[in-house]
Amino acid sequence: MKEPMIVDHPLIQHKISLLRNKATGTKEFRDLVNEIAMLLCYEATRDLPTEEVEIETPVSVARTKVLAGRKLALVPILRAGMGMLDGMLTLIPAAKVGFIGLYRDESTLQPVEYFCKLPSDIEERDVLVLDPMLATGGSASDAISQIKKHGARHIKFICLIAAPEGIEALHTAHPDVDIYIASKDERLNENGYIVPGLGDAGDRIYGTK
Ligand code: PRP
Ligand code: URA
């Protein structure tokens, strides 16, 4: 199995520790999710192609590089993935944005889709799918199947905390998708929550519990 990219930069690890703390309040939690998303974006876009251009500086002409025009799309999985969107857009403001609404049925843990709105030219874009939590992997796998149905072929999945079970399930369903995570945790508990995790990401971002 292709291993996920674990982005264990000290700044990310520090911020993940603050996120895990149950005493961290809603505003700080939301800010941290965006900051970590921005740092993960830096790593997940490392392979974007560049091309050489000539730029006139005030002193002389510089041969330098700019992005070679690869088009990107960001697709947060609602709700919690929305918490990562602003951080990602800070670094790639020209990306188009689509949305997939999914929630986990609490008893079956199966994802239930309630919304899908993707950029019309998604098949021409490299897609970064955003969700802070990869637990059983059901939500991410379904969201990516839906995005593929719309024609997208180059997809990466970006999350903050993943359970080994979710990584394996997502890899089995979509072996072509590269996974970027800030932390690989121990396991899932009997309720499908990541241990030690950070609790319910959507509730902590939006203060709904
Ligand atoms: C959470 C999380 C993922 C999903 C992960 O969403 O944001 O989408 O659970 O679990 P899975 O890997 O087992 O599918 P949730 O269903 O709580 O919805 P919410 O974001 O609307 O709170
Ligand atoms: N969804 C969450 O928000 N947290 C978990 O631990 C598992 C799924």
In Å and rounded to the nearest 0.5 Å, what is the [atom1] to [atom2] distance from [X] to [Y]?
X	Y	atom1	atom2	answer
Ile92	Lys71	CD1	NZ	15.0 Å
Ile167	Thr172	CD1	OG1	11.5 Å
Glu3	His171	CD	NE2	8.5 Å
Leu72	Met88	CG	CE	8.5 Å
Ile155	Ile122	CD1	CD1	7.5 Å
Lys149	Cys116	NZ	SG	9.0 Å

Qualifying residue for side-chain contact (heavy atoms from CB on, under 4.5 Å) with [X], from [options]:
X	options	result
Phe157	Asp131, Asp178, Ile181	Asp131
Ile77	Val129, Ile144, Asp142	Val129
Val75	Ile100, Leu128, Leu130	Ile100
Leu160	Leu32, Leu134, Ile16	Ile16

Glu124 CD: over 12 foreign heavy atoms closer than 6.0 Å: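 Count over threshold, so yes.
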If you draw a 6.0 Å radius around CD in Glu106, do more than 12 non-hydrogen atoms from other residues or ligands fall strictly inside?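 Atom CD in Glu106 is not crowded, with 12 or fewer foreign heavy atoms closer than 6.0 Å.
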Report the C-alpha separation of Ile158 and Met84 in whole Å, then their side-chain angles, then the decisive distance to 0.1 Å, and conclude whether the side chain to side chain contact (heavy atoms under 4.5 Å, CB included) test is met. CA-CA 9 Å; Ile158 322 285; Met84 300 168 67; 4.2 Å; yes
Main chain of [Y], side chain of [X]: is a donor-acceptor contact present, judged purely on distance under 3.5 Å?
X	Y	value
Glu28	Leu18	no
Arg30	Gly83	no
Lys184	Pro164	no
His174	Asp176	no
Asp200	Asp203	yes
Arg104	Gly192	yes
Thr45	Leu48	no
Glu123	Arg153	no

Val61 vs Ile55, side chain to side chain contact (heavy atoms under 4.5 Å, CB included): CA-CA, chis, key distance, verdict: CA-CA 6 Å; Val61 173; Ile55 304 260; over 6 Å; no
Group every Ile, Leu, Val, Met, Phe, Trp and Tyr by side-chain heavy-atom contacts under 4.5 Å, then state whether [X] and [Y] land in the same group.
X	Y	result
Ile179	Leu188	no
Leu19	Leu39	yes
Phe99	Val127	no
Leu109	Tyr114	no
Tyr180	Leu74	yes

Please check if any side-chain donor atom of Ser183 sits under 3.5 Å from a side-chain acceptor atom of Asp185, or the reverse.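 Yes, a side-chain donor-acceptor pair sits under 3.5 Å.
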Testing the 3.5 Å rule here: is there a donor-acceptor pair between the side chains of Arg204 and Thr24?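 The answer is no; no qualifying pair exists.
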Are [X] and [Y] close enough that some pair of their side-chain heavy atoms sits under 4.5 Å apart?
X	Y	value
Asp121	Lys96	yes
Tyr206	Met82	yes
Glu165	Thr136	no
Leu198	Met133	yes
Arg20	Pro196	yes
His9	Ile12	yes
Leu102	Leu78	no

Connecting only ILVMFWY residues whose side-chain heavy atoms lie within less than 4.5 Å of each other, what is the rest of Tyr193's hydrophobic cluster?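 Its cluster mates, by chain and number: none.
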Mind checking who shares a hydrophobic cluster with Val59, ILVMFWY linked at side-chain heavy-atom distances under 4.5 Å?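 Members alongside Val59: none; it stands by itself.
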One thing to verify: whether Glu52 and Lys65 come together as a salt bridge, which I'm taking to mean a side-chain N less than 4.0 angstrom from a carboxylate O.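 Salt bridge: no.
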Closest approach of [X] to [Y] (non-hydrogen atoms, all atoms of both residues):
X	Y	result
Asn189	Arg187	CA-NH1, 4.0 Å
Ile36	Ala182	CG2-CB, 4.4 Å
Val97	Pro76	CG1-CD, 4.1 Å
Ala201	Ala80	CB-CB, 4.0 Å
Pro119	Ala73	CG-CB, 4.3 Å
Ala163	Ala135	CB-O, 3.8 Å

With salt bridge (Lys or Arg N to Asp or Glu O under 4.0 Å) as the criterion, how do Lys156 and Asp47 come out once you've worked through the C-alpha distance, each side chain's angles and the decisive distance to 0.1 Å? CA-CA 12 Å; Lys156 293 178 178 177; Asp47 59 355; 2.9 Å; yes
